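Owing to the predicted nature of the structure, the values given are computational and were not obtained by experimental measurement.
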Amino acid sequence: MKINLVNIFEKTISEAELHFADGIIKEINITGPENPSLPYALPGFTDAHVHIESSMLTPSQFARLAVVHGTVATVSDPHEIGNVLGIAGVEFMIEDGKRVPFKFCFGAPSCVPATVFETAGAVIDAEQVGQLLAKDDIGYLAEVMNFPGVINEDPDMMAKINWAKHYNKVVDGHAPGLRGEAARKYASHGITTDHECFTYDEAREKIEYSVKILIREGSAARNFAALIPLIDEFPELVMFCSDDKHPDNLVAGHINVLVKRALSLGYDIWNILQAACINPVLHYSLNVGLLRLNDPADFILVDNLSDLHVKETWINGVLVAKDSVSMIPDLRSAHPNRFVCAPKTAADFVLKNEKNSESQIRVIEALEGQLITNEIIANAKVQDGEITADPGNDILKVTVINRYGNALPSIAFIKNFGLKKGAIASSVAHDSHNIICVGCDDESIAMAVNMIIEAKGGISAAGNGKTQLIALPIAGIMTDSDGYEVAAAYTLLDNFVKEELMSSLQSPFMTLSFMALLVIPRLKLSDRGLFDGENFNFVPVSL
């Protein structure tokens, strides 16, 4: 194969002949200087931190979509399905991923359940974490979200970290906003990365504590603009990741989008490619080729180094994508699940005003492009002794319903979804994946929730006399349907929510999925009540 060899290690481009057989690079013969008439070969892109489940696709379907963008590998934390199905869910991800030519590196979930303040479907304790880390198929200890447990040296958390050290596997971090002595102590226990920095100063400080920074640009959380200056300052300490990527966004692009954006801003191409192609492979000891002799034949061909349009993707010497067409087969998978929940009525979502007509309420303020939320205080809208949604002031009702047993819903209020009518609901609700719903009225909320209960998982919308549903029969969070068809259905549902129900958010369903994530400050809602993520305690809705 005649190519221009892009050697990121030596920062050179040369005309070359590349020979590979049995999935391994056997010869690299340099034949001259750069030849612009030939395609450019470089190592494929690696997503340094992603939850495959957030694409709502199985690993095999995710791979079909990712390879067309030049992605050859992911560092994948399966704690979403782990929270539903435990170790069996992690094993499902591993086995499904093995069915396609793609390099998945799965981690051992460190925090299942994420907290004791919510109902999850499973527990993965320290002993089970050790069992997972002993497997060759498990590459690292996945994001340690319980940073208070690390700082205070909680025995269970320390045991999990010690298992990773025992098997010489790296430990991923997760410490949004953690600074100063607390951040230093957290990092000192062997935390090697953080993908939750949302300011340059926070990331810069964590680098001082020997933590590598993952620049994240997903469907909900977007920190690229704040953190990209690090790439020319600390090119060996930065990686790119998506964290959570919905199917429509995955069809549009993946790590290649971050690479192109960084190039357009004038950052050094060699530093960009080091972050996108080299650093994750070396940090996680991935079995991914880097265009060296005797490496696996994992590489991409691009037309030029100005816009890096991916023409071909090769994994283990197999052509898996060409001219934006995936060659990975469309595979069906098993449908493991855990879903026990009876239908609800509108009356289940009534919130009585226990005080007086002048009540004030705590309101979750959702923020565009962020997982963190704010707490604001608002005057309650009271009708017939009930506190109701107030769409005119963009204060909507939010509810979380336990999907693992029959219980009364928890109810609170939220701002910035912008819905003028109807409701949206999802059983993709990090990290326990109970049902979460935001709506303008109790009838629409019940309708959206019941569609998901009947399907035993999915995302839905109801309003304007219409309903739409995407069923997610695998653990209530994924489907094995054709990924491109799922992406098209998601686009229709997303458009319905924005155009007819009038949501003002860029990614309403992705934002919704994080409103029950208690480990991200400030105010969130679990199936057990309204939760203060800074003080780690429940708080009342009414003041």
*In sequence, state the C-alpha distance, the side-chain angles, and the governing distance for F102 and T74, and then conclude on side-chain contact (heavy atoms from CB on, under 4.5 Å).*
CA-CA 9 Å; F102 191 84; T74 60; 3.8 Å; yes
*For N402 and R528, what are the C-alpha separation, side-chain angles and deciding distance, and is it a side-chain contact (heavy atoms from CB on, under 4.5 Å)?*
CA-CA 8 Å; N402 181 349; R528 299 181 184 176; over 6 Å; no
*asked:* If you apply the rule side-chain contact (heavy atoms from CB on, under 4.5 Å), what do you find for I138 with V90, and how did you get there?
replied: CA-CA 10 Å; I138 296 292; V90 177; 4.1 Å; yes
_Check against side-chain contact (heavy atoms from CB on, under 4.5 Å), L178 and I151_ = CA-CA 11 Å; L178 197 66; I151 294 167; 4.0 Å; yes
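Between the side chains of T58 and Q61, no donor N or O sits under 3.5 Å from an acceptor N or O. Donor-acceptor pairing under 3.5 Å is recorded for the side chains of N337 and R403. No side-chain donor from either of E236 and H283 sits under 3.5 Å from a side-chain acceptor of the other. Inspection of the S410 and D527 side chains reveals no N or O donor paired with an N or O acceptor under 3.5 Å. Judged purely by distance below 3.5 Å, without hydrogens or angles, the side chains of R216 and N223 pair a donor atom with an acceptor atom. Checked by atom type, the side-chain pair D194/H174 shows no donor-acceptor distance below 3.5 Å. Using modelled atom types and a 3.5 Å distance limit, the side chains of D248 and H246 yield no donor-acceptor pair. Of the N and O atoms on the side chains of N279 and K212, not one donor lies less than 3.5 Å from an acceptor on the other residue. Under the 3.5 Å distance criterion, with hydrogens and angles disregarded, no donor-acceptor pair is assigned to the side chains of N83 and D431. A donor-acceptor pair shorter than 3.5 Å cannot be found between the side chains of E365 and T373. Side-chain atoms of D480 and H335 form a donor-acceptor pair, as typed in the model, at a separation below 3.5 Å. Side chains of H49 and T193: a donor-acceptor N/O pair is absent below 3.5 angstrom, by distance only. For Y200 and E233, the side-chain atoms include at least one donor-acceptor pair closer than 3.5 Å.
In this structure, D22 places its CG atom where only 12 or fewer heavy-atom neighbours from other residues, nucleotides or ligands lie under 6.0 Å away. The environment of K165 atom NZ is dense: over 12 non-hydrogen atoms of other residues, nucleotides or ligands sit within 6.0 angstrom. The environment of D201 atom CG is dense: over 12 non-hydrogen atoms of other residues, nucleotides or ligands sit within 6.0 angstrom.
A donor-acceptor pair is defined here as one N or O able to donate and one able to accept, closer than 3.5 Å; no such pair exists between the side chain of T46 and the backbone of A48. The main-chain N or O of V67 is never found under 3.5 Å from a side-chain atom of T71 such that the two would form a donor-acceptor pair. Judged purely by atom type and a 3.5 angstrom limit, R222 has no side-chain atom pairing as donor or acceptor with the backbone of E217. A distance-only check finds no donor-acceptor pair linking the side chain of K160 to the backbone of V129 [under 3.5 Å]. In this structure a side-chain-to-backbone donor-acceptor pair under 3.5 Å is missing from E80 to I477. Although no hydrogens or angles enter the test, the distance criterion places a donor-acceptor pair under 3.5 Å between the side chain of N152 and the main chain of P148. Between the side chain of K103 and the backbone N or O of N287 there is at least one donor-acceptor pair closer than 3.5 Å. The closest donor-acceptor contact from the side chain of S326 to the backbone of I328 lies under 3.5 Å. A donor-acceptor pair is defined here as one N or O able to donate and one able to accept, closer than 3.5 Å; no such pair exists between the side chain of K11 and the backbone of V6. Between the E53 side chain and the I81 main chain, a donor and an acceptor come within less than 3.5 Å of each other.
At a threshold of 4.5 Å between non-hydrogen side-chain atoms, the residues S426 and I435 do not count as touching. I228 has its side chain within reach of F240: a pair of non-hydrogen atoms, C-beta onward, lies under 4.5 Å apart. A heavy-atom distance below 4.5 Å is not found between the side chains of R522 and I372. With contacts defined as side-chain heavy-atom distances shorter than 4.5 Å, the pair P540/R362 qualifies. The shortest distance between side-chain heavy atoms of S54 and S513 does not fall below 4.5 Å. Between Y404 and N434 the shortest side-chain heavy-atom distance falls below 4.5 Å. By the 4.5 Å heavy-atom criterion applied to side chains, D243 and H51 are counted as neighbours. Within the 4.5 Å cutoff, side-chain heavy atoms of L282 are placed close to those of L290.
Taking the six-membered ring where the residue is Trp, F538 and F117 present perpendicular rings, their angle passing 60° and hence far from 30°. Using cut-offs of 30° and 60° for the angle between ring planes, the F20 and W314 rings count as perpendicular. Between F104 and F62, the two ring planes are tilted [angle within 30° to 60°].
Of all heavy-atom pairs spanning V170 and Y140, the tightest one is O-CB, 3.3 Å. For the residue pair V171 and T192, the shortest heavy atom distance occurs at O-OG1, 2.7 Å. P101 approaches I315 most closely through the heavy-atom pair O-CD1, 3.3 Å. The minimum heavy-atom distance linking A122 with V112 is given by the pair O-CG1, 3.6 Å.
Partners of F45 by ring-ring contact (aromatic ring centres under 6.0 Å, His included), not counting sequence neighbours: none found.
A salt bridge between R292 and D295 is present, with a side-chain N of the basic residue lying under 4.0 Å from a carboxylate O of the acidic one. In this structure, R184 does not pair ionically with E205, as no charged nitrogen and carboxylate oxygen lie closer than 4.0 Å. Between E202 and K206 there is a salt bridge, since a side-chain N of the basic residue sits under 4.0 Å from a carboxylate O of the acidic one. Checked for salt-bridge contact, K98 and D137 meet the test: a charged N lies under 4.0 Å from a carboxylate O.
Distance check: D96 CG to R332 CZ gives 10.5 Å after rounding to the nearest 0.5 Å. Going from atom CD1 of I470 over to atom OG1 of T479 covers 9.0 Å, rounded to the nearest 0.5 Å. Expressed to the nearest 0.5 Å, how far CD1 of I52 lies from CG of D244 amounts to 10.5 Å. Atom NE2 of H79 is separated from atom OG of S110 by 8.5 Å, given to the nearest 0.5 angstrom.
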